[in-house]
Amino acid sequence: MNALLKSKQEAAASRLDGVQAPTDAGWSTHAREDALARVRSTGLPSRRDEYWKFTRPDRLTAAEGSEAALFLHEEAPVFGDHDRLKIVFVDGVFSAERSDDLTLEGLEISRLADASDISWAAELYGKLETSGQTPVERPLAALNTALATDGVLIRAFETPSKPVSLIYVHEDTHSDAILHHVIKVEAGASLTLLENGPAAARFNKCLEVDIADSAEFHHVRAQGRDHERCAVTHLFARLGEESTFKSFTLTVNGVLTRNEVVIDLTGDNAFAHVAGAALGDGDFVHDDTVFVTHDAVNCESRQVFKKVLRNGATGVFQGKILVKAGAQKTDGYQKSQSLMLDGDSQFLAKPELEIYADDVACSHGSTSGAIDEDALFYLRARGIPKTVAIDFMTLAFLAEAVEEIDNQALADEINGRLEGWLTRRSAS
Amino acid sequence: MLEIKGLKVKLEEEDKQILKGVDLKVEAGKVHAIMGPNGSGKSTLSYVLSGKSGYEVTGGSATLEGDDLLDMEPEERAAAGLFLAFQYPVEIPGVGNMTFLRTAVNSQRKARGEEEMSATDFLKEIRAKAKDLKINAEMLKRPVNVGFSGGEKKRNEVLQMAMLAPKMCVLDETDSGLDVDAMKLVAEGVNALRDEGRGFLVITHYQRLLDHIKPDVVHIMANGRIVKTGGPELAIEVENNGYADILAEVA
Ligand SMILES: Nc1ncnc2c1ncn2[C@@H]1O[C@H](COP(=O)(O)OP(=O)(O)O)[C@@H](O)[C@H]1O
Ligand SMILES: [Mg+2]
């Protein structure tokens with residue numbers, strides 16, 4: 001056995017040592033045991049793994065999570081003005097008092113921790129995560145499947161009247177939370193999922209979404225602003241024929257965030273867009289790792305990731321489009337860009353295309369640049385103060401990602417948060 | 001209004017002197033034109049006046065109503081009343097024309113301690129002015145200069161000038177790239193702004209713009225200096241004989 005694998009397995013053993021996987025997990029026990037076996041055999045990610053060469057996984061894999069101070073502020077809660085069904089987790093534990101009643105027409109919602117035998121979820125729990133382990137291992141997702149203590153199971157059999165909003169409250173400076181959600185959008189239904197909040201000092205979240213034929217899944221997430229929090233999240237999505245998947249993530253602050261998105265286009269004429277805007281100032285590492293597999297005809301996928309970095313912040317993008325043999329008429333697009341507000345920050349990008357079909361259109365572009373001096377001068381020459389002009393251009397830079405949000409009210413909400421971040425920076 | 005004395009400018013990055021002692025005084029209510037061959041330093045003069053980086057002033061001064069321009073940030077110069085219509089207006093993807101212009105108007109007002117213009121007043125005014133310049137509502141909604149033709153960009157410059165109502169307007173080759181109709185529109189826009197309290201410095205390569213915007217004074221710039229100053233007839237002379245004669249005469 002090689003030394004790297006051995007050390008990764010030792011890391012897994014140490015992480016699992018003394019951790020009790022939920023024992024009476026009932027229907028999910030089998031999936032959890034499988035996942036546990038996977039983690040033990042692959043071990044946990046190491047700096048020496050190709051897939052982690054830009055981002056140190058240590059904090060995410062360590063036996064103990066680290067402390068994260070709470071970020072106290074008096075801003076209006078994210079998505080606060082939107083009509084939504086609220087499901088609240090405090091440091092990774094579901095809070096019935098703070099949540100709405102878990103009923104909404106068109107949906108079947110249960111809590112992972114107390115769901116009795118739910119056949120649809122039993123079939124899905126860990127399934128997309130498992131298939132997402134090839135061709136690249138994602139041990140932290142397997143760890144999640146094995147150890148998740150809570151989460152929600154949502155089946156949308158019709159289109160509900162409002163979004164479901166998962167709110168992750170962080171109150172304990174030492175919390176170490178693992179949540180696993182499973183969502184199934186049945187044929188023809190449409191579900192909007194909102195997520196926001198820091199969740200915990202250390203957060204490992206896995207979201208598996210199965211989108212049936214002609215179904216739609218819309219996802220808007222704002223990751224919490226606690227500076228010292230770290231998080232690894234996995235979003236696994238499978239798309240059926242003529243289905244739609246749209247996901248947008250806003251990340252401001254956070255010492256370490258790794259967001260992995262794994263999308264499988266399995267039905268013809270499906271459409272998957274994934275976008276992100278990340279704003280980092282100082283001690284900030286943000287990693288978007290995306291893997292899109294085209295395994296059907298005439299599908300469109302689009303990745304748009306934008307990062308604004310300053311004061312030594314680090315942005316990482318690893319994006320891959322894999323077009324399998326037979327996935328003709330694939331339209332794959334990938335764009336990752338960073339705007340460096342000073343010379344101290346860094347952006348590391350690895351865009352990849354792997355194509356086994358001949359009739360495809362795939363493109364990718366990755367750029368890293370500073371504020372355009374000519375544009376800045378033009379704005380200033382019209383009387384716009386320098387800081388305001390830079391904010392303008394920063395918002396303009398991010399606009400392409402935010403525009404991926406279909407719902408205008410939600411897009412406005414995100415833009416409001418971006419402006420808030422910029423205003424606070426200009427003031428400091 | 002605008003007074004430039006012995007202005008010497010070199011490139012910051014290179015040891016290249018571009019302006020070699022420019023003297024120029026534009027009085028309120030007057031239109032001055034600067035003509036000159038390519039590369040003589042006309043755009044550089046306009047950039048240095050408005051505060052673009054990359055240039056180093058090695059001598060002389062420039063004042064607007066007695067205030068030292070060269071000591072101000074670009075936005076302060078704008079608020080003080082200086083406006084530059086760019087030779088090459090910049091495209092700014094993602095920044096809407098309307099938002100941009102409203103922010104510009106109100107930033108200047110704020111800097112001068114004036115009350116901000118309300119959204120309704122702004123809309124009313126911009127619609128009227130855009131109409132005069134044949135700029136349609138769809139163009140106003142687009143990002144700044146993005147997808148505009150050369151002529152549309154120049155008209156957009158004049159629209160900005162009209163909305164900002166500056167004291168001193170510097171127009172850098174606002175006629176270049178315009179067909180006859182577009183040039184008339186632009187000239188009408190400029191003429192509408194002519195006012196006793198306002199000065200103009202019109203930089204142009206050709207005499208034809210000056211048929212529409214009648215200058216009071218014409219300067220010829222060559223090799224970083226004003227080499228000759230005269231009345232409107234000087235522009236006609238350039239039109240007929242080119243620069244060679246004048247340059248030979250002053251050499
Ligand atoms: N940023 C710059 N970098 C290099 N050369 C410059 C720069 N700006 C101006 N110049 C040079 O200075 C001279 C004057 O240019 P410019 O002011 O654009 O002339 P004009 O507008 O009269 O055609 C030219 O030789 C030009 O190449
Ligand atoms: Mg020029």
Q) For B:Pro89, is it the side chain, the backbone, both, or neither that has a heavy atom closer than 4.5 Å to a heavy atom of chain A? A)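 When you check distances to chain A, atoms from both the backbone and side chain of B:Pro89 fall under 4.5 Å.
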(Q) Below 4.5 Å, heavy-atom pairs only: which of B:Pro166, B:Ala80, B:Gly94 has the largest tally toward chain A? (A) B:Gly94
Flag yes if more than 12 heavy atoms outside [X] fall under 6.0 Å of its [atom1] atom; otherwise flag no.
| X | atom1 | value |
| --- | --- | --- |
| B:Lys8 | NZ | no |
| B:Glu138 | CD | yes |
| B:Glu196 | CD | no |

Q) Partners of A:Thr314 by side-chain contact (heavy atoms from CB on, under 4.5 Å), sequence neighbours excluded? A) A:Val285, A:Val316, A:Gln346, A:Leu348
Q: Start with the C-alpha gap between A:Asp374 and B:Tyr88, add the side-chain angles, then the distance that decides, and say whether side-chain contact (heavy atoms from CB on, under 4.5 Å) holds.
A: CA-CA 10 Å; A:Asp374 287 336; B:Tyr88 304 108; over 6 Å; no
Q.
Let's go through B:Asn145 and A:Tyr378 carefully: what are the C-alpha distance in whole Å and the side-chain angles of both, what is the deciding distance for side-chain contact (heavy atoms from CB on, under 4.5 Å) to 0.1 Å, and is it a yes or a no?
A. CA-CA 11 Å; B:Asn145 294 320; A:Tyr378 189 78; 3.3 Å; yes
Q: Working to the nearest 0.5 Å, report the span between CZ of A:Arg382 and CE of B:Met163.
A: 13.0 Å
Q: Kindly compute the distance separating CZ (A:Arg380) from NZ (B:Lys52), expressed to the nearest 0.5 Å.
A: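 Between A:Arg380 CZ and B:Lys52 NZ, I get 12.5 Å after rounding to 0.5 Å.
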Q. Do A:Phe392 and B:Phe100 have their ring centres less than 6.0 Å from each other?
A.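 When the ring centroids of A:Phe392 and B:Phe100 are compared, they turn out to be at least 6.0 Å apart.
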Q.
Is it the case that the side chain of B:Arg77 and the backbone of A:Gly383 share a donor-acceptor pair, with hydrogens and angles ignored and the cut-off at 3.5 Å?
A. no
**Q.** Contact listing (chain A partner; residues 56-76 of chain B; heavy atom under 4.5 Å)
**A.**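 Heavy-atom contacts from residues 56-76 of chain B to chain A are B:Glu73, B:Pro74, B:Glu75.
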Q) Among residues 102-118 of chain B, which residues come closer than 4.5 Å to chain A, judged by heavy atom distances? A)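 B:Thr103, B:Ala104, B:Ser107, B:Gln108 fall under the 4.5 Å cut-off.
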Q.
For residues 398-420 of chain A, give me every residue with a non-hydrogen atom less than 4.5 Å from any non-hydrogen atom of chain B.
A.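 Within residues 398-420 of chain A, near chain B: nothing under 4.5 Å.
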Q. Can you find a pair of side-chain heavy atoms, one from B:Pro93 and one from A:Phe397, that are under 4.5 Å apart?
A. no
